[in-house]
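Each chain gets a letter, A, B and so on, in the order its sequence line appears, and its residues count up from 1. Since we're looking at a predicted model, the values are computed, not measured.
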Amino acid sequence: MREELRQTEVDLGGLVSVLAAHLYSTPLVALRELVQNAHDSITRRRLEDPEAASGRVIVRGDAAAGTVSVRDEGAGLTEEEIHAYLATVGTGYTRLLRDVTGSEDLIGAFGLGFLSAFAVADEVTVVTTSHRETAAGHRYHSVGGETYSVVDAPPQSPGTEVTLRLKPDFAYLAEQATLREVVTRYCALLPIPVHIGEETVPVNDLPAPWRDENSTKQSALDFAGRFAQRLAPLCTIPVRPDEQSDAVGLLWIQDSATYGSTDNRDLSVCLRGMMLSKDARDLLPTWAGFIGGVIESARLTPTASREDLQRDERYQAVHKGLTEAIINGMFEIARTQPGTWQRVLARHGQVLLGAALCDDRLFELLADDVPVPTSSGDMTAGSLRAAGNGTIHVNTGEGGGFTEMLYRAMQVPIARGDRYAVLPFLRRYGTERGCPVIELGTSDGDRRLFKDTGTPLSTADHAWLSAVLTDDDEQLVPARYAPAALPLVLVPDADVALKRRIEADETASRIPLAALSLARDFTAATDGSVAARLYLNLDNLAVRRLLEARRADHPGCTTAAALLRSLKVIMAATAGETGHRGDLTAALIGVGSAVESLVAQPDPAPSTDAQETDPR
Amino acid sequence: MTSDIWAWVHDTHRELVEAGHHRLADAVAEISGHAVNGRPDEVDAIFPEALATARALELPWVEVFLRHWRLQSLVNERQQGAKALPEATALLEFAHREETRDCPQSVCVVQDFCIAHARIDGPGYVNERIAILDETLGRIEPARNCFDCLTREYSYALNDDGRTEEALAYIVEAEGRHRAAGGDPSLYMHIQRARLLGQLDRAQEGLDVLERSEAARRNGPYALDEDDLRELALARAELYARLGDTENALAQLPEIAEPIEHADLRLKWAQTAERLVSLNALDNVPRLGTALASWAAYLDDVGSHRASLNMLLIAGRLAVQRGARTVAQSLGEFAARKFDDLRRKDTATGRDFIAMRRDAEALPAPELPVDVEHLPGYLEALGVAAEDGSYQPADPERNLDLLTVAHEREPEDPQVLALVAQYLSVLGLPWKAARILWERVEADPGNDDRNRLLANVLTRGRDAEGIARLASLVAPRDPAQAHWYRASWAAEQGEWAEAARECEALVAVDDSVVNARRMWATAARELGDFETAQRVWTEVLERTDDEAESPVHHTQPADRWSLIIAATVNGDWAAVRGQCAEIGIDLDTPEGPIDERWHPVELRYDRPDGRVVVLAIRTGPATARVESVTRPGAPLNHGDLVVIDPAALEPPPEKEEDRDGWYPAVAAVRLLAPGGFRTYFVDGAHPGPEAFEAFLDALREQGYGVWLYTDEDYQIFPPDAEDTVTGVYTGVAVPPTASAAQAHRLLTELTKDWEHPMSWLSLAVDAELDADHHAKVAQDYDL
């Protein structure tokens with residue numbers, strides 16, 4: 001037996017830290033590299049010895065001992081090969097073999113694979129017997145990787161077993177669950193069976209649906225379920241090559257619910273048989289936060305780290321191809337699997353609302369089906385429109401308390417414009433479906449909500465109503481609006497409020513002077529005389545009667561007006577308008593006085609019923 | 001100033017996550033990326049909710065942060081000037097209150113305010129911008145990221161003032177200071193430097209700067225994003241064009257789709273395109289002109305006056321080169337308006353504007369090749385048919401020039417005027433079409449054709465104020481017409497109550513009208529007022545006939561069908577039968593309700609709680625009875641009689657083979673009579689096709705409804721079985737005449753010989769029979 005300590009032919013200490021810190025985004029890659037070496041070893045044996053049995057890979061973890069081993073029934077190594085290929089960076093055996101044989105079935109590329117083991121292990125042992133020298137076994141051993149020894153070992157059936165004694169930080173790799181997760185993911189597409197420990201069923205026994213002529217929706221879903229692991233799939237979408245993109249594979253819509261801008265995109269990319277460790281989610285469109293998948297491509301170019309992709313034209317082509325696949329796939333699901341589609345909508349409604357904004361076809365697909373959050377729960381835009389008598393009402397959250405007040409009174413469902421994507425979605429829905437969308441609390445919304453009366457009040461009526469109903473800085477605006485039961489609404493003017501704040505003396509000490517003077521230039525253009533508008537509803541019975549009483553010089557009209565005025569102040573106070581206008585106590589006292597005066601003088605007017613039949 | 005903004009974002013994100021505010025945390029993490037990478041829709045999508053949450057949680061710093069990034073999206077990506085100023089001012093005030101003034105992002109808010117002014121009129125606000133930036137830069141250290149943004153802004157301001165050398169020197173020095181303090185100058189700093197070098201005839205040096213900057217970024221930790229790549233390509237195109245290297249310039253110039261999508265690329269893109277046109281490398285086609293004109297209108301709309309003017313000058317010069325007289329002169333007119341909006345008029349822009357207008361006015365008027373009255377026919381003969389068969393003018397701008405001359409000669413010719421308006425709209429100048437029409441209409445509001453033309457242009461331009469103005473102008477002489485304009489506008493907006501009111505008023509003024517009644521009845525139906533709808537459709541039919549020559553007075557099929565639908569809702573079967581006789585529909589019975597068996601339809605019913613789609617059998621001209629068995633609580637169920645609008649919602653599939661199993665989709669108008677069926681589900685192992693068919697037939701015979709919910713994909717595990725077996729999940733609609741106990745006994749009887757027991761737990765519970773057994777089956781089979 002010879003034992004001789006040799007120097008690895010590079011500065012491994014430096015290299016390993018480079019490997020660990022930069023080249024590989026995750027130490028799990030070390031496992032992948034070993035499995036790939038095992039795969040290549042079996043492939044080599046098949047090339048060199050077509051008579052040999054097909055061969056498999058066995059990955060074992062021993063959590064107690066802190067070791068992981070990878071055994072293959074492949075070609076094995078001679079002692080020369082150990083020195084040449086295990087211990088020298090850059091002369092990876094696979095590369096050599098590929099150059100000689102031209103075989104595309106080999107995965108390794110840079111000759112770094114084996115050494116990456118030292119990124120996670122203190123100590124590496126390789127026991128191997130070459131199929132060309134079946135009588136000689138060898139045992140490679142290295143602590144730290146900088147020096148190693150090779151000794152004779154009892155010959156075994158041809159093949160190699162690499163055992164890693166993990167560094168304490170990476171001991172978790174030996175856990176069965178971790179091992180299964182990592183190996184399942186990295187080996188899903190390998191043609192050679194990979195087993196965990198003594199398990200008889202290999203982790204990669206499910207054929208990739210796109211390689212399997214007999215694949216069904218169910219088998220694709222099973223494959224996706226195995227692959228996706230934590231984010232289980234709800235349904236699948238096939239990826240097929242097109243003119244620009246060679247990507248082939250499987251995408252799936254995840255079953256776990258998403259909200260708003262959730263981004264659970266998860267895409268594994270397999271380049272020439274090697275699964276990139278880094279998630280290539282950016283290959284999926286940003287709106288597809290509910291999509292997982294795995295694709296194969298020969299055209300995508302890896303970066304130097306081999307763990308990411310270069311953002312070149314081919315990348316863009318695949319990105320486009322995947323986007324098309326998702327959109328077409330969703331159309332197909334909606335058309336052929338209505339139950340599944342309902343579930344997709346329920347699971348991902350909010351994300352889809354955003355997605356609909358990013359692509360015209362998606363908008364077409366989703367516009368009528370996707371649920372929109374409203375004050376009465378989730379509804380489709382069409383239902384919202386129907387419930388609003390043909391108009392969609394959206395609360396933008398900008399109107400302050402008065403909007404709340406108004407929409408409680410309106411008793412129609414109001415879309416939650418303060419929720420993800422709702423406002424832009426409904427705006428677009430309105431434009432494309434020719435449906436009015438009223439944004440409560442915006443000046444445009446106010447204009448559309450408070451309709452022009454068509455026939456203006458006489459100057460005398462207007463002046464009298466202003467005098468009895470408005471306070472300083474308020475402007476009376478006669479209008480018609482629903483609900484008719486609401487007599488008046490007071491809407492503060494945001495521009496005037498801003499003008500007052502910007503022009504206030506104490507602001508000068510806070511805002512830098514140059515900016516402040518420009519800001520004051522701007523607010524100077526705002527007419528500050530109207531701080532709030534009082535929209536008086538001419539469809540309201542009380543308002544109509546008040547006007548009639550006034551025209552008939554009815555003695556009770558001043559009392560009635562005072563009652564409305566009190567109502568205005570009370571409503572503004574309840575609506576919680578910041579710095580609400582008017583004196584609440586005075587208004588409440590006003591109600592008392594009005595009641596007192598009504599009770600004191602019997603009303604000489606005819607009964608309400610009689611008034612209702614009045615053709616006016 | 002406190003710590004760096006990104007450190008604050010990082011901490012805030014973590015705190016929000018820890019406090020369970022995941023959605024707000026996500027918004028904080030994402031909004032800046034959306035804002036700077038040209039995704040305005042996504043900014044708008046997440047902003048309102050995030051803002052509302054920040055306010056509810058009383059997190060003023062987060063509010064400043066969110067509003068700042070949205071404002072960035074408005075003033076940068078969307079190039080808003082005056083339009084963004086109210087928010088920029090409001091945020092400036094908010095970000096300097098006691099509770100917000102120490103927020104690191106408050107500095108950026110000052111910059112947003114500054115940028116909004118740069119958009120309105122960069123050179124016009126140079127002094128103010130520099131004063132603001134001086135003030136702000138005095139408050140921050142060169143190491144901060146803001147230093148990069150603020151010094152760039154400073155350099156833009158100097159350049160806007162015509163001090164290009166100074167702007168370059170400034171940015172070079174700033175970059176040095178930023179770097180010396182440990183900062184990493186942004187790509188945009190280098191793009192600005194490269195552009196300034198280009199302006200100073202040192203384009204090659206500019207290209208070198210970009211090369212180095214890009215290489216550094218490619219090797220660095222942050223990948224270039226799409227926005228970076230677009231900006232880089234555009235800057236390179238500009239520099240190559242300056243060098244006269246048209247090949248590289250064209251290769252770099254983004255496709256026109258990019259500036260169409262991203263407003264912030266447009267002006268630079270247009271400037272480069274103009275340069276490439278002058279180098280004969282790009283075709284100066286009318287379509288390019290139309291794009292530039294619409295971009296200028298956009299910038300006008302968002303109050304970016306200076307940029308709008310610059311865009312108009314480019315569009316105008318290109319139009320002059322094409323000899324497009326009317327277009328060039330209209331652009332000149334538009335430019336004059338924008339020039340008036342400028343705060344500062346003594347820059348080179350002023351001279352350029354005068355030159356452009358002069359050149360446009362100098363374009364000679366073309367000779368008319370034929371008389372005015374023959375011109376429309378002559379132009380049509382010159383046109384070519386497009387692929388879809390539509391008419392395409394050979395040279396729209398030349399046609400417009402000829403039409404304009406014809407219009408000046410014969411201002412009253414309605415056909416010429418209509419064509420002028422149409423061509424102007426198509427060429428991106430709808431405002432000019434409206435203006436020409438307004439001039440004529442205001443001078444003489446008595447020409448109905450012209451008024452209608454104007455109403456069309458205003459409606460297309462969604463000009464609500466214009467419509468209101470037109471209506472009041474017309475009202476004194478022709479109140480009916482005024483009502484019609486208002487009604488049409490309201491209907492166009494889907495405001496049916498308004499449309500109905502206007503139509504009613506119109507009918508009161510002129511009882512002979514037909515189309516106004518059609519609109520009124522349509523509005524009434526939309527409002528659910530079928531009595532009015534039926535009355536008005538009846539009036540329509542009284543005023544039309546099948547022989548009439550004018551299309552208005554010719555009875556249209558929709559008139560009769562609409563009446564049928566309304567009368568069906570109202571239960572007026574005599575009226576329904578009357579119309580069926582007119583149309584030629586043979587009915588089985590001579591009077592009373594119509595309840596026949598016609599053909600299956602896919603019924604779509606929009607309800608406040610969602611859309612329901614069911615299969616139904618049409619039972620008459622406007623009725624259908626639901627066949628599907630739906631879940632308990634669904635708004636429609638088996639046996640319900642529904643009023644439908646029989647117009648198919650979708651055309652039949654094109655291919656013959658796809659029509660198998662296809663039924664026409666129709667809209668449900670309302671539920672006429674509920675069938676009173678109750679749904680229960682029967683679940684369990686499939687008994688085999690024969691037994692199952694017999695089961696279904698027996699139920700149907702007893703007047704029950706059945707609906708199969710599953711196919712062979714539905715697999716269940718019988719207890720102790722090795723493998724799954726196919727399951728079956730069936731909806732059974734129990735008729736109102738049968739009690740739960742009767743239904744239960746019937747099912748028990750029908751399934752008693754099956755290999756596996758079935759489960760119908762909710763029915764068993766309602767029947768108060770065998771509930772335990774059914775619960776156990778469900779459990780054993782994991783149903």
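Listed options T523(A), D282(A), T286(A), L513(A) were ranked by heavy-atom pairs under 4.5 angstrom with chain B; first place goes to L513(A). In terms of non-hydrogen atom pairs under 4.5 Å with chain B, the most contact-rich of L353(A), L357(A), I438(A) is L357(A). Between chain A and the residues P86(B), C114(B), A464(B), the largest count of heavy-atom pairs under 4.5 Å involves P86(B). Among the candidates E42(B), H117(B), E492(B), the residue making the largest number of heavy-atom pairs closer than 4.5 Å to chain A is H117(B). Interface summary for chain B: among G377(A), C358(A), A421(A), P371(A), the most heavy-atom pairs under 4.5 angstrom belong to A421(A). Your options are E498(B), R39(B), E495(B), R462(B), and the one with the most heavy-atom pairs under 4.5 Å with chain A is E495(B).
With a 4.5 Å cut-off on non-hydrogen atoms, A90(B) touches chain A through its backbone and its side chain both. Of the atoms belonging to L498(A), it is side-chain heavy atoms, and not backbone ones, that fall under 4.5 Å from chain B. Residue contact with chain A, scored on non-hydrogen atoms closer than 4.5 Å, involves the side chain of Y125(B) exclusively.
Rounding to the nearest 0.5 Å gives a distance of 10.5 Å between OH of Y420(A) and CG of D26(B). In this structure, the separation between NE2 on H319(A) and CD on E226(B) is 6.5 Å, given to the nearest 0.5 Å. Note that the NZ atom of K499(A) and the CD atom of E93(B) stand 14.0 Å from one another [nearest 0.5 Å]. Distance check, rounded to the nearest 0.5 Å: CZ of F113(B) to CZ of F522(A) gives 8.5 Å. For the atom pair CG (D521(A)) and CZ (R343(B)), the distance works out to 6.0 Å, reported to the nearest 0.5 Å. Here L518(A) contributes atom CG and T89(B) contributes atom OG1; the two are 9.0 Å apart, rounded to the nearest 0.5 Å.
Across all non-hydrogen atoms, the minimal contact from P436(A) to Q493(B) is CD-O, 2.7 Å. Between L92(B) and A519(A), the shortest heavy-atom distance links the atoms CD2-CB, 3.9 Å. Of all the heavy atoms in R510(A) and R97(B), the pair that sits closest is NH1-CA, 3.2 Å.
With hydrogens and angles disregarded, no donor-acceptor distance shorter than 3.5 Å links the side chain of R419(A) to the backbone of E49(B). Between the E135(B) side chain and the A514(A) main chain, a donor and an acceptor come within less than 3.5 Å of each other.
At a heavy-atom separation below 4.5 angstrom, chain B is approached by P424(A) within residues 423-431 of chain A.
Here the side chains of R139(B) and P512(A) are in contact, with some heavy-atom distance below 4.5 Å.
For A220(A), the side-chain contact (heavy atoms from CB on, under 4.5 Å) test picks out P209(A), T236(A), L250(A), with sequence neighbours left out. Under the rule for a side-chain contact (heavy atoms from CB on, under 4.5 Å), the partners of A334(A) that lie at least two apart in sequence or sit in another chain are W341(A), L365(A). Residues that satisfy the side-chain hydrogen bond (donor to acceptor under 3.5 Å, both in side chains) test with D222(A), not counting sequence neighbours, are Q218(A).
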